[in-house]
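First comes the structure, then the notes that go with it.
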Amino acid sequence: MTIEPDAGELALLASTVRRFVEREIAPREDTLRRDGALGLPPDLRTELQAKAREAGLWCFSTPAEFGGAGLSPVQLVAVLEQAVRHTYCLPDAGDGAFGYDPPNFLLSASPEQQARYLTPGVQTGAQWFVAITEPSGGSDPARSITTRAVRSADGWRLRGRKMFISRVGEAASGVVLARTGPGRGGISAFIVERDWPGFTFRPVAVMRDHGTYEVLLDDVFVPDENLIGAQGDGFGLAKRWLAKGRLALAARSIGVAQLALEMSIDQARNRETFGATLASQQSVQWMIADSHVELHSARLVVGHAAHALEAGSDQADIGSSMSKLVATETAFRVVDRAIQIFGGMGLCRELPLEHWFRALRVNRIVEGASEVQRMVIARSLLSA
Ligand SMILES: Cc1cc2nc3c(=O)[nH]c(=O)nc-3n(C[C@H](O)[C@H](O)[C@H](O)COP(=O)(O)OP(=O)(O)OC[C@H]3O[C@@H](n4cnc5c(N)ncnc54)[C@H](O)[C@@H]3O)c2cc1C
């Protein structure tokens, strides 16, 4: 079952994306996985990107004026759930076939910054990094960011280290948060290019198939015109980025877990042990029922949060946190049960389940661990 679209247009949009994935992406992945590939080969991604762009399925949440599809939050979660119905779907739906939405920091950038980075990046299918986390911690950036941006003639000098930053190896530019003063109000956001002098990075392997990077900023000069918004706006911009990112991550988690549930149902119907199908065993039926009910509940939370974000409600942040918490925890359990139903085959590289399992484990920590989401929710309730 998909998100219940309350408008024909939304249903049409979601089914268009689903058809694209089923026809263009999923069939091409079967043999790749058997050969041990960790993602789409670049030439195949480029070919799929051209088709997706032609179909108008490009950079889903980027406004049309910058070359994206301009989907609203409600449309985005409905579409993302369908866009991940294939193997290499995490962390990016279509493994980049649908382009990479620029971080929404850039929607608050100046027209000059947008003309220089945002529009060309969307046109060329550029990837982006967002560097917040440091070795001193990611859960509490207001305290743990120690990277400093020191004033110099015509700009800033950035000095510090960032940790676990996705896509640095693939992206030409991104957003770096650095300290320009004390406290939350002392964090600023800068657009930084990866090949500027003083910017170095090294891969840090993690349990998912997509790696991350450690970044060293050794006196990197950033011109004045690359500060996003005003000095000290960084924390607020990051909060907006996270609110949208958590919702999208929740929708992707639900979509892939839904596919795992459908695979479990097929397997339970067809696999026999002790002279009967797995589907006839109550313990398997309960796993399937629990997965269905939990996914359905998570989907409702995400849909509700998307409406709150779209309406500009003051409940949008808490809705995103609830979505991220319930969807990532649920999706992980659903894929875990799917592996159990498949037995040894569930652990094989040939099937996508173990790949999703590792990626979904990561989703319970990135963009705020589950405990941090609980903290956000509890604080909001206790301070009301
Ligand atoms: C694969 C991957 C990709 C990533 N990509 C990026 C990226 O692109 N950009 C970026 O900036 N960062 C990125 N990160 C960093 C990620 O956001 C952080 O790892 C995450 O926010 C947790 O921070 P931490 O690892 O420093 O853990 P810590 O902040 O040290 O927290 C450790 C654990 O403590 C617990 N905890 C923390 N605070 C509380 C609390 N208040 N109450 C109860 N328990 C608590 C949680 O269980 C948490 O997992 C990535 C990380 C990974 C693994």
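When a ligand or atom number is given, it counts from 1 through the structure's own listing order.
- Ring centroid separation for the pair F199 and F190 does not come in under the 6.0 Å cut-off.
- The 12-atom threshold is exceeded at CZ of R349, counting heavy atoms of other residues, nucleotides or ligands nearer than 6.0 Å.
- For the pair E371 and ligand 1, the shortest N or O to N or O distance falls below 3.5 Å.
- By the definition of a contact as any protein heavy atom under 4.0 Å away, atom 32 (C) of ligand 1 is not in contact.
- Near M375, with a cut-off below 4.0 Å to any heavy atom, the atoms of ligand 1 are 41 (N).
- Ligand 1 has an N or O atom lying under 3.5 Å from an N or O atom of S139, backbone or side chain.
- Salt bridge annotation for D224-R151: present, with a cationic side-chain nitrogen under 4.0 angstrom from a carboxylate oxygen.
- Atom 13 (C) of ligand 1 is approached by the protein to below 4.0 angstrom, counting heavy atoms only.
- If you look at R208 next to ligand 1, the close heavy atoms, those under 4.0 Å, all belong to the side chain.
- Counting heavy atoms closer than 4.0 Å to ligand 1, residue S166 contributes atoms from both its backbone and its side chain.
- Taking the six-membered ring for Trp and the full ring otherwise, the centers of F20 and F98 sit less than 6.0 Å from each other.
- Contact check on E112 versus R116 returns no salt bridge, with no Lys/Arg side-chain nitrogen under 4.0 Å from an Asp/Glu carboxylate oxygen.
- For atom 47 (O) of ligand 1, a protein non-hydrogen atom is found at a distance below 4.0 Å.
- Between the side chain of W128 and the backbone N or O of R167, no donor-acceptor pair lies under 3.5 Å.
- The distance criterion of under 3.5 Å between nitrogen or oxygen atoms is met by T133 with respect to ligand 1.
- Of all heavy-atom pairs spanning L278 and I341, the tightest one is CD1-O, 3.6 Å.
- Using a 4.0 Å cut-off between charged side-chain N and carboxylate O, R364 and E329 make a salt bridge.
- Considering backbone and side-chain N/O of E134, none are found under 3.5 Å from N/O of ligand 1.
- The residue among V366, V376, V372 with a heavy atom at the shortest distance from atom 53 (C) of ligand 1 is V366.
- Of the candidates F164, Y213, F129, F164 brings a heavy atom nearest to atom 4 (C) of ligand 1.
- If you number the atoms of ligand 1 from 1 as listed, the ones under 4.0 Å from a heavy atom of E367 come out as 17 (O).
- The ligand atoms of ligand 1 that sit less than 4.0 angstrom from a heavy atom of A369 are 46 (C), 48 (C), 49 (O).
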If you apply the rule side chain to side chain donor-acceptor pair (under 3.5 Å), what do you find for D209 with Y88, and how did you get there? CA-CA 10 Å; D209 291 333; Y88 301 120; over 6 Å; no

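- Looking from atom 20 (C) of ligand 1 to the surrounding protein, the closest heavy atom is I365 O, 3.6 Å.
- For V206, no nitrogen or oxygen atom sits less than 3.5 Å from a nitrogen or oxygen atom of ligand 1, counting backbone and side chain alike.
- Considering backbone and side-chain atoms alike, V362 places every N or O at 3.5 Å or more from each N or O of ligand 1.
- Taking the six-membered ring for Trp and thresholds of 30 and 60 degrees, F201 and Y213 have ring planes more than 60 degrees apart, a perpendicular arrangement.
- Taking distance alone, with nitrogen or oxygen atoms compared against 3.5 Å, V130 approaches ligand 1 more closely than that limit.
- Note on R333 versus E294: salt bridge recorded, some NZ/NE/NH1/NH2 to OD/OE distance being below 4.0 Å.
- The I165 neighbourhood of ligand 1 comprises atoms 7 (C), 8 (O), 9 (N), 10 (C), 11 (O), with distances under 4.0 Å to a heavy atom of that residue.
- Among V168, I132, T212, the residue whose heavy atom sits closest to atom 1 (C) of ligand 1 is T212.
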